[in-house]
Structures are given as C-alpha cells and as structure tokens.
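We name chains A, B, ... by the order of the sequence lines, and we start the count at 1 in each one.
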There are 2 protein chains.
Amino acid sequence: MKKYIPILKETQLFSGISENEIEPMLSCLQAEVRSYKKGEYVLSQGDSLSYITVLLEGCLHVQKDDYWGNRSIVNVVGEGDMFGEAYAIADDARLLNDVLAVEDCRVIFFDVKRVITVCSSACRFHSMVVQNLFFAISEKNRRLVQKIGHMSKRTTREKLISYLSEEASKQQSSTFLIPFNRQQLADFLCVDRSAMSNELCKMRNEGLIKFERKQFTLL
Amino acid sequence: MKKYIPILKETQLFSGISENEIEPMLSCLQAEVRSYKKGEYVLSQGDSLSYITVLLEGCLHVQKDDYWGNRSIVNVVGEGDMFGEAYAIADDARLLNDVLAVEDCRVIFFDVKRVITVCSSACRFHSMVVQNLFFAISEKNRRLVQKIGHMSKRTTREKLISYLSEEASKQQSSTFLIPFNRQQLADFLCVDRSAMSNELCKMRNEGLIKFERKQFTLL
DNA sequence: GCCTTTTCGTTGTAAAAACAACAGATTTAT
DNA sequence: ATAAATCTGTTGTTTTTACAACGAAAAGGC
C-alpha cells in the first residue's frame with residue numbers, strides 16, 4: 001500500500017497533503033487496492049458504487065453499449081485519475097457506463113462514506129480531502145461545460161478556434177502548449193484526426209495560427 | 001416565502017429535512033425568491049455568481065448562443081433542480097452560459113457562503129444541506145458526461161440513437177416523452193434541425209423508431 | 001548508432017451535414 | 001372563430017467531414 005503514496009500525492013484528491021500525512025489517511029479512508037487483468041470489467045453498467053476510486057496503474061475505458069448494441073467509448077482514464085466519483089457520491093446513482101481494463105490495472109478504492117463524512121479529530125487532513133473533493137467536482141463540472149462549448153461548434157475549424165482560444169486565455173499567452181498530440185486532440189474535439197490535421201494546416205496557410213507539435217501560436 | 005417550503009422539501013438540496021426544519025434555515029441561508037417571465041434571462045454569460053439557486057416553478061434552459069447565432073442547449077433545468085452551483089462554489093468562476101426561462105419561472109436564491117460554511121449556531125441541518133449539495137453536483141456531472149456521450153457521436157443518426165436510448169432507459173419504457181421540440185432537440189444535440197428532422201423520418205421509414213411530436217417509441 | 005514505433009501531414013473519394021427555401025399542420029393570441 | 005405565429009417535414013444544393021491509404025518526420029528502445 002505504501003508504495004502508492006507518491007502516486008497519490010500527485011492526485012487532485014490529495015492536493016496539499018504531504019506523503020507522510022497520506023499514510024495514516026489510507027486506513028482512515030479504508031483504502032483497498034485491487035488488480036484487474038486486461039479485458040476485465042472494473043465496474044459495470046447498473047452497478048451501485050460506494051467507493052471513490054483512483055487508477056494507480058494501467059489504463060481504463062469508460063464505455064457504453066446502446067439499445068442496438070453499438071459501443072461508444074466515453075472516456076479514457078489514465079494513471080492518477082479519479083473515476084466514478086460522481087456515481088459514488090450521488091445518492092442513488094447506478095452506473096450508466098461500463099469501465100473496462102484495456103491493460104492490466106491496479107485501482108485503489110476509498111469508502112465514499114468515510115471520505116465525505118469527516119471523522120473525529122485524529123485525522124486532521126481529512127477535512128482537506130473533503131474540500132479537495134468539493135472543488136474538484138465543481139471544477140470538473142465547469143471543464144465539462146467548456147468541453148461541450150467546443151464540441152457544440154458545427155465545423156472542425158470552429159471547434160479548433162474555440163479550443164485554442166480558451167487554451168490561450170487560460171495560459172495568458174498567444175503562444176502556448178497543449179496537453180494533447182494530434183490524435184488525442186481529435187478525440188477530445190470528437191472529429192477525425194486527418195481531417196483536423198488538414199484543417200490546422202489550412203489555418204496556418206491562411207495566417208491564422210502557427211504551430212509546431214504541441215506548441216501553438218494565435219496570430 | 002413560507003409557501004415554497006413544501007416545494008423545497010422535495011428538492012435534492014433539502015432532502016431529508018422536514019418542513020418545519022426548513023423554515024428557520026431560509027433566513028439562515030438568506031433566501032430570496034424572484035420571478036421571471038418566459039423569454040427572460042435569469043443569468044447571463046460572464047456573470048459572477050454568489051448564489052446557489054433552485055428552480056421552484058417553470059423550466060429553464062442553460063444555453064449558449066455563439067457569434068453566428070447558433071444556439072447550444074447545455075442542460076434543461078426542471079422544477080426542484082439546482083443550477084449554477086459549480087460557479088457559485090468556486091471562488092472566481094464566471095458563468096460560461098446563459099440561463100433562459102422557457103416558461104414563466106420562480107427561482108429561489110441562497111447565499112453560497114452561508115450554505116457551504118456551516119454556521120456555529122444551532123442550525124444542525126446545515127451540514128446535511130452541504131452533503132446534499134455534494135450529491136447534486138455529482139448528479140450534474142453525470143448528466144454532462146451523458147450529454148458529451150451523445151455529442152461525441154459522429155453522425156446525426158448516432159447522436160439521436162444515443163440520446164433516445166438513454167431517454168428510454170431513464171424512463172424505463174421504450175415509449176417515452178422528450179422535453180424538447182425539434183429545434184430544441186437539434187440545439188441540444190448540436191445539429192441542424194432540418195437535417196435532424198430528415199434523419200428522424202428516415203429512421204422511422206426504416207422501422208427503427210416511431211414518433212409523434214414529443215412522444216417517441218424505440219422498436 | 002540503427003531499427004522500430006509513433007506521430008503528423010497530405011491526398012482523393014464517398015458520405016454526411018449545413019444551409020436555404022417552402023408548404024402543410026398545429027398551436028397561440030386576440 | 002379567425003388570424004398570426006410556430007412547429008414540422010421535405011427537397012435540392014453546397015460545403016464539410018469521415019475514411020482510407022500513404023510517406024516523411026520524429027521519438028523511443030536497444
């Protein structure tokens with residue numbers, strides 16, 4: 001359990017809490033680590049979840065099969081990411097998606113009741129975790145709305161402009177780095193990579209933007 | 001103010017709190033009720049919000065109009081639903097969307113600082129409101145993720161299938177009512193109305209669905 | 001260093017969507 | 001009850017996207 005503390009320290013959930021403070025919290029929060037083989041389901045649609053979870057190792061896909069059996073991947077969970085928290089915290093929320101291990105995985109579970117109910121004074125950093133969770137979910141909410149703002153644009157060019165403008169304003173510079181490669185950016189904006197790449201180059205030729213790998217400049 | 005207590009009692013924010021316990025909380029939370037006519041804006045993009053709000057009566061759309069006049073409906077707020085909370089909780093978050101009354105509405109405002117800061121006095125149900133707020137924000141996140149799931153689909157048909165499947169499963173019936181007219185549904189899924197209407201009729205001709213105004217049936 | 005894998009840009013084609021314009025049905029207002 | 005406004009379906013045209021296939025450049029492993 002101890003070996004995962006450096007990973008946990010970097011997560012938003014434990015932001016502002018040092019490594020030696022995390023250790024006693026693990027038992028307070030009834031932490032439990034489980035392993036999954038590639039192809040196994042970590043969570044399934046319809047499940048009732050009572051754990052806050054953080055992915056320690058591997059990669060997960062949050063996906064859904066619709067009425068006619070078509071599958072859609074909703075989200076990719078990377079190492080250190082929290083997932084399923086909205087289902088664990090909400091009162092009686094059944095999972096609407098499946099969570100599949102696409103690699104061998106290691107997941108840490110925290111009892112949600114222990115997390116959101118502040119325990120007696122012994123665990124003084126607990127209230128900070130509660131607050132972290134509160135702000136994290138609010139921020140996640142706003143990020144989702146922003147993502148919807150980009151996706152709602154009709155053309156690939158408009159989606160790109162929407163996203164790049166926001167990134168520029170967030171980083172307070174017309175030159176900035178994006179956290180995606182081309183494929184990931186396309187997946188984020190829900191467009192085809194090659195079509196997007198094509199559009200980016202057109203925009204560059206028209207003198208709207210400059211870019212080099214992950215560095216972009218709005219002109 | 002008193003007459004709204006029976007409505008508030010049924011809301012997520014005051015879940016588990018009885019009517020006679022709500023009354024003293026209203027002053028503690030500095031509640032204020034305002035009315036809006038159909039077509040009026042309750043909140044506007046760029047606003048800084050310091051109130052948790054609950055819709056007592058009517059229906060609201062959380063939406064955004066872009067430079068070219070394209071409208072994107074992010075969320076539908078029904079009676080008893082809370083809105084804008086993610087912006088109120090964060091310290092310096094400006095609203096990304098407008099909130100429009102699509103019917104005559106009545107909204108109650110609570111000072112967010114009073115809500116999330118548990119008071120010292122004998123307001124013992126206050127901490128339960130805080131917990132309810134957690135639940136509500138989590139649920140909101142889930143709804144946003146669902147919407148992204150629909151929008152992430154490449155074709156209008158897939159978007160429709162995704163949305164209608166979910167609505168069917170949410171209402172636990174293959175026949176159900178949607179809360180949108182055609183234009184609003186198009187705005188919600190971020191596609192052109194006529195193209196969507198066309199696609200719906202094709203799907204009906206292919207025997208996939210039946211519909212009549214706002215009532216749909218999956219076959 | 002070299003080889004392998006990944007990333008990125010480019011092109012052409014087929015499919016799909018946006019857009020515009022219009023007519024009939026339905027709802028709302030007076 | 002009638003007129004006005006809104007909603008819905010339909011069609012044709014233009015624009016945009018998805019898809020597939022490929023080579024060059026860059027990154028990573030040994």
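Electrostatic pairing of B:Arg154 and B:Glu158 does not count as a salt bridge here, judged by no charged N lying under 4.0 Å from a carboxylate O. We find that A:Glu139 and A:Arg143 are joined by a salt bridge, their nearest charged nitrogen and carboxylate oxygen being less than 4.0 Å apart. Checked for salt-bridge contact, B:Arg34 and B:Glu40 miss the test: no charged N lies under 4.0 Å from a carboxylate O. We find that B:Lys159 and B:Glu199 are not joined by a salt bridge, their nearest charged nitrogen and carboxylate oxygen being 4.0 Å or further apart.
The CG atom of A:Asn198 sits 18 Å away from the P atom of D:dA21 (whole-angstrom rounding). Per the geometry, CG belonging to A:Leu189 stands 15 Å off C1' belonging to D:dA18, to the nearest Å. Look at CD1 on A:Ile178: it is 13 Å from P on C:dT7, rounded to the nearest Å. One interatomic measurement links the two molecules: NZ of B:Lys214 to C1' of C:dT27, which rounds to 11 Å at whole-angstrom precision. Here the P atom of nucleotide D:dA25 and the CZ atom of A:Phe211 are 16 Å apart, to the nearest Å. Note: CZ (A:Arg213) to C1' (D:dA24) measures 11 Å, nearest angstrom. Residue B:Leu200 contributes atom CG, which lies 7 Å from atom P of D:dG9 at whole-angstrom precision. If you measure from atom CD of B:Glu158 to atom P of D:dT17, you get 17 Å, rounded to the nearest angstrom.
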**Study point:** Per-nucleotide protein contact string for nucleotides 15-22 of chain C, where B marks a base within reach and S marks sugar-phosphate only (heavy atoms under 4.0 Å, - for neither)
**Key:** -SSSBB--
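In this pair, B:Phe211 and B:Phe216 present their aromatic rings parallel. The plane angle is below 30°, not in the 30 to 60° band.
Between B:Phe83 and B:Leu43, the closest side-chain pair of non-hydrogen atoms falls below 4.5 Å.
The side-chain contact (heavy atoms from CB on, under 4.5 Å) test with A:Ile52 is passed by exactly one of A:Ile89, A:Leu29, A:Asp111: A:Ile89.
A heavy atom closer than 4.0 Å to some atom of DNA chain C occurs in no member of residues 180-188 of chain B.
The side-chain tip of A:Arg106 does not point at the ring of A:Tyr4 from less than 6.0 angstrom away and within 45° of straight on.
If you take CD on B:Gln215 and OG1 on B:Thr217, they are separated by 5.5 Å, rounding to the nearest 0.5 Å.
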